[in-house]
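What follows is a set of notes on a single structure, which appears directly below.
Just so it is clear, the model here is predicted, and its values are computed rather than measured.
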Amino acid sequence: MTEAADTPQTPDFPRQRGNSYRDTWCGQVLADRVGSQVRVAGWVNRRRDHGGLIFIDLRDRTGIVQLVFDPDDTAADAFALGHKLRSEDVLSVAGSVVERDPEQVNPEIPTGAVEIRVEAAELLADSETPPFTIDAKGTAHVGEEARLRHRYLDLRRSEMQAAIALRARLVRAMREILDAEGFLEIETPVLTRSTPEGARDFLVPSRLQQGSFYALPQSPQLFKQLLMVSGFERYYQVARCFRDEDLRADRQPDFTQLDIEMSFVDVDDVIEANERLLTHVLAAAGIEIEAPFPRITWRDAMSRFGTDRPDTRFGMELVELSEALRETEFRVFRGTLDGGGVVKGMNCGKRDVPRSELDGLISMAQELGAKGLVWAFREGDGWRSPTAKFLTADELSALNAALGAEEGDLLLIVADAPAVANQVLGTMRNRLAERWGEIPEGVNELVWIVDWPLVEWSEEEGRWDALHHPFTSFEGELGDEPGDTLARAYDVVWNGWEIGGGSIRINDPETQRQVLALLGIDAEEAEARFGFLLEALRFGAPPHGGIAYGIDRMVALAAGMDSIRDVIAFPKTASGGDPLTGAPAPVDDRQLRELGVRLNAPPPAPSP
Ligand code: ASP
């Protein structure tokens with residue numbers, strides 16, 4: 001967690017107007033209150049009995065304060081209550097703030113120099129023994145399922161409180177800067193028609209028009225474009241989006257985007273506005289970044305890092321070796337090159353890696369889809385490697401030169417189809433950098449990936465697919481080689497995570513129809529699905545473009561959390577369920593009848 005994320009969340013909370021529960025937040029009982037009377041309320045974090053005295057750590061959202069129940073000061077009924085208190089009971093107490101004995105001072109917490117000598121106390125609610133203790137140790141013992149089943153308790157932990165508060169702070173920072181730059185926050189519907197972003201839709205059956213369905217938006221894409229046609233010029237929304245995908249690690253079926261659209265802009269305008277936005281938002285998390293961010297073309301990203309989400313905090317870049325091996329007679333390389341494949345390598349630097357680990361690297365490459373992996377250490381002008389004997393001295397020295405290899409450097413080489421070589425080496429680059437401690441701590445690198453191909457060929461579907469979405473505009477004309485057309489699209493990548501992406505849009509109906517046709521959507525289907533957009537584009541649609549960020553991922557990165565589930569108050573599990581509410585759940589027959597929906601199979605019996 002960053003420093004800012006760690007600091008108490010409410011140093012500038014206004015002092016609370018007194019009521020019967022409290023007049024002071026626990027975290028505000030600081031040394032300047034010594035000698036005053038306070039009333040505080042919260043949860044029993046910990047209770048200790050000490051030679052006739054009872055110590056309670058009382059917790060509210062702002063922090064923890066120590067209470068002392070002492071028969072000399074504490075009313076008899078309050079003292080009796082102090083004896084009975086258990087963890088997570090809810091309590092209100094009144095008393096006087098005193099300095100702690102010097103040996104009792106706790107420098108770890110802001111209130112650590114003082115304590116409250118309790119005079120009166122009231123139990124507001126008692127708690128059963130929680131299924132886990134409310135700290136990282138407690139939740140480490142139980143699985144995530146149990147944490148989510150009792151999420152309201154998990155959320156009491158200071159780490160979760162800080163993450164959720166950081167999320168609120170970052171979203172506030174987004175609104176701050178966008179409002180200041182003239183953007184309007186506008187809501188778009190949740191019950192709507194399909195908005196294609198490449199995933200399956202969640203559908204909601206209509207009761208009033210049986211047999212018809214709403215789709216939940218995969219993004220507000222089409223509405224934000226319509227808002228540009230409406231002349232709002234600068235729009236944003238903190239928008240809930242829904243994508244019914246087979247859940248890959250760390251995805252949520254419903255998630256939150258910061259969605260932005262601007263009129264009369266080109267790529268540079270959007271990028272610059274977003275560099276200001278990101279600089280401001282990350283500063284709210286105590287993270288300093290410098291704009292402008294480097295821009296890497298998609299082609300370069302793929303060739304140097306093997307991925308369109310490069311982690312640029314460390315080297316070990318991929319190198320194309322096909323040229324150095326043009327004449328090679330080594331069967332494996334020759335066969336790959338003749339078959340239209342590539343040979344690519346990576347210099348891992350001087351590294352003492354035992355044979356067993358090298359075998360492990362070969363298995364890793366194979367698991368990732370490569371046929372094999374060549375490893376070598378530079379030794380003199382040649383290599384120490386089982387593969388060295390198949391290569392000529394010239395080839396070895398050309399490979400060493402291409403890889404910039406110095407004595408003792410470990411070189412890893414894959415020969416395969418370009419996509420496979422990139423995917424395998426790109427993934428190994430990240431994993432090995434992590435394993436070998438190559439990723440510098442505390443460094444934040446943001447880069448733009450630009451000049452994306454507009455479309456890619458889908459073998460599976462036998463047609464062109466949009467790399468972003470079908471509304472993306474492009475450079476030049478759509479010629480005979482659609483695969484060579486560059487989209488006016490950009491993604492922003494933070495330390496190897498894609499946090500946002502967008503494009504300049506098509507703003508004339510003819511071009512839009514042409515792209516839909518290229519994607520296999522004929523005129524009739526285009527009219528049926530996107531007729532409203534095509535029509536709107538006929539009424540003076542300004543040039544426009546925008547971007548959307550995954551807020552969950554952005555906050556998780558800012559909070560230093562591994563999973564987006566840790567920055568969402570009520571997330572779903574990796575299999576899309578919610579152990580707390582039991583969603584998704586069967587519904588009763590009457591509801592289905594009303595909707596005109598009949599199930600093919602009876603619903604499964606509810607689990608106990
Ligand atoms: N609608 C796009 C998405 O959800 C973002 C954009 O093009 O603005 O990825």
Side-chain angles (χ1 to χ4, degrees), residues 188-206 208-230 239 241-246 253 257 259 261 452-489 501-541 543-546 548 595-597:
T188 56
V190 167
L191 292 177
T192 177
R193 274 197 85 144
S194 181
T195 313
E197 294 282 356
R200 232 177 254 121
D201 288 323
F202 278 102
L203 297 176
V204 179
S206 160
L208 296 175
Q209 292 179 41
Q210 295 206 349
S212 287
F213 294 80
Y214 300 100
L216 304 183
Q218 292 183 35
S219 80
Q221 183 63 36
L222 297 177
F223 287 107
K224 69 173 169 174
Q225 291 192 228
L226 295 178
L227 289 171
M228 295 304 104
V229 180
S230 307
C241 302
F242 307 84
R243 298 187 188 177
D244 188 6
E245 295 177 284
D246 295 328
Q257 281 190 346
D259 193 43
E261 197 74 5
W452 289 70
L454 181 68
V455 290
E456 66 184 346
W457 184 254
S458 160
E459 283 301 335
E460 214 175 291
E461 315 248 350
R463 61 167 174 80
W464 294 101
D465 243 348
L467 250 82
H468 279 85
H469 49 57
F471 317 105
T472 304
S473 117
F474 49 88
E475 302 292 348
E477 303 283 314
L478 260 192
D480 299 337
E481 300 283 349
D484 292 340
T485 306
L486 290 184
R488 299 168 75 197
S503 58
I504 303 300
R505 325 299 181 184
I506 296 167
N507 71 324
D508 79 276
E510 262 336 294
T511 313
Q512 186 61 75
R513 277 203 185 87
Q514 210 186 347
V515 169
L516 291 172
L518 176 67
L519 302 175
I521 301 175
D522 65 26
E524 203 180 322
E525 189 185 351
E527 210 45 55
R529 289 175 60 190
F530 307 118
F532 64 98
L533 174 74
L534 294 168
E535 186 178 58
L537 294 182
R538 301 207 311 255
F539 290 94
H544 61 286
L595 293 167
V597 170

On a heavy-atom basis, which atom in [X] and which in [Y] lie closest, and how many Å separate them?
{"X": "Gln257", "Y": "Ala548", "answer": "OE1-CB, 3.5 Å"}
{"X": "Trp452", "Y": "Ala489", "answer": "CD1-O, 3.5 Å"}
{"X": "Ala541", "Y": "Val229", "answer": "CB-CG2, 3.8 Å"}
{"X": "Val515", "Y": "Pro470", "answer": "CG1-O, 3.6 Å"}
{"X": "Val455", "Y": "Pro482", "answer": "CG2-O, 3.6 Å"}
{"X": "His469", "Y": "Thr472", "answer": "O-OG1, 2.9 Å"}

Report yes if the side chains of [X] and [Y] come closer than 4.5 Å at any heavy-atom pair, otherwise no.
{"X": "Asp244", "Y": "Asp201", "value": "no"}
{"X": "Leu537", "Y": "Thr511", "value": "no"}
{"X": "Phe530", "Y": "Leu516", "value": "yes"}
{"X": "Phe474", "Y": "Ile504", "value": "no"}
{"X": "Pro253", "Y": "Phe202", "value": "yes"}
{"X": "Cys241", "Y": "Pro220", "value": "yes"}

Distance in Å, [X] [atom1] paired with [Y] [atom2], rounded so as to fall on 0.5 Å steps:
{"X": "Leu534", "Y": "Arg529", "atom1": "CG", "atom2": "CZ", "value": "11.5 Å"}
{"X": "Asp522", "Y": "Arg513", "atom1": "CG", "atom2": "CZ", "value": "12.0 Å"}
{"X": "Asp465", "Y": "Leu454", "atom1": "CG", "atom2": "CG", "value": "11.0 Å"}
{"X": "Met228", "Y": "Lys224", "atom1": "CE", "atom2": "NZ", "value": "8.5 Å"}
{"X": "Leu222", "Y": "Ser194", "atom1": "CG", "atom2": "OG", "value": "8.5 Å"}
{"X": "Glu456", "Y": "Arg463", "atom1": "CD", "atom2": "CZ", "value": "11.0 Å"}

Do [X] and [Y] have a side chain donor and acceptor closer than 3.5 Å?
{"X": "Arg505", "Y": "Ser503", "result": "yes"}
{"X": "Gln225", "Y": "Gln221", "result": "yes"}
{"X": "Glu197", "Y": "Ser219", "result": "yes"}

Within the distance-only criterion (no hydrogens, no angle test), does the side chain of [X] pair as donor or acceptor with the backbone N or O of [Y] below 3.5 angstrom?
{"X": "Ser230", "Y": "Leu226", "answer": "yes"}
{"X": "Gln210", "Y": "Pro205", "answer": "no"}
{"X": "Gln218", "Y": "Ala199", "answer": "yes"}
{"X": "Thr192", "Y": "Pro189", "answer": "no"}

Under 4.0 Å between a Lys/Arg side-chain N and an Asp/Glu carboxylate O for Glu245 and Arg243?
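No, this pair does not count.
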Applying the side-chain contact (heavy atoms from CB on, under 4.5 Å) criterion to Phe471, which one of Ile506, Leu533, Asn507 satisfies it?
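Exactly one option meets the side-chain contact (heavy atoms from CB on, under 4.5 Å) with Phe471, and it is Leu533.
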How about CD on Glu524, more than 12 heavy atoms from neighbouring residues, nucleotides or ligands closer than 6.0 Å, or not?
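No - once you tally the heavy atoms of other residues, nucleotides and ligands closer than 6.0 Å, there are 12 at most.
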Report the C-alpha distance between Tyr214 and Ser206 in whole Å, list the side-chain angles of each, state the deciding distance to 0.1 Å, and finish with yes or no for side chain to side chain contact (heavy atoms under 4.5 Å, CB included).
CA-CA 7 Å; Tyr214 300 100; Ser206 160; 4.1 Å; yes
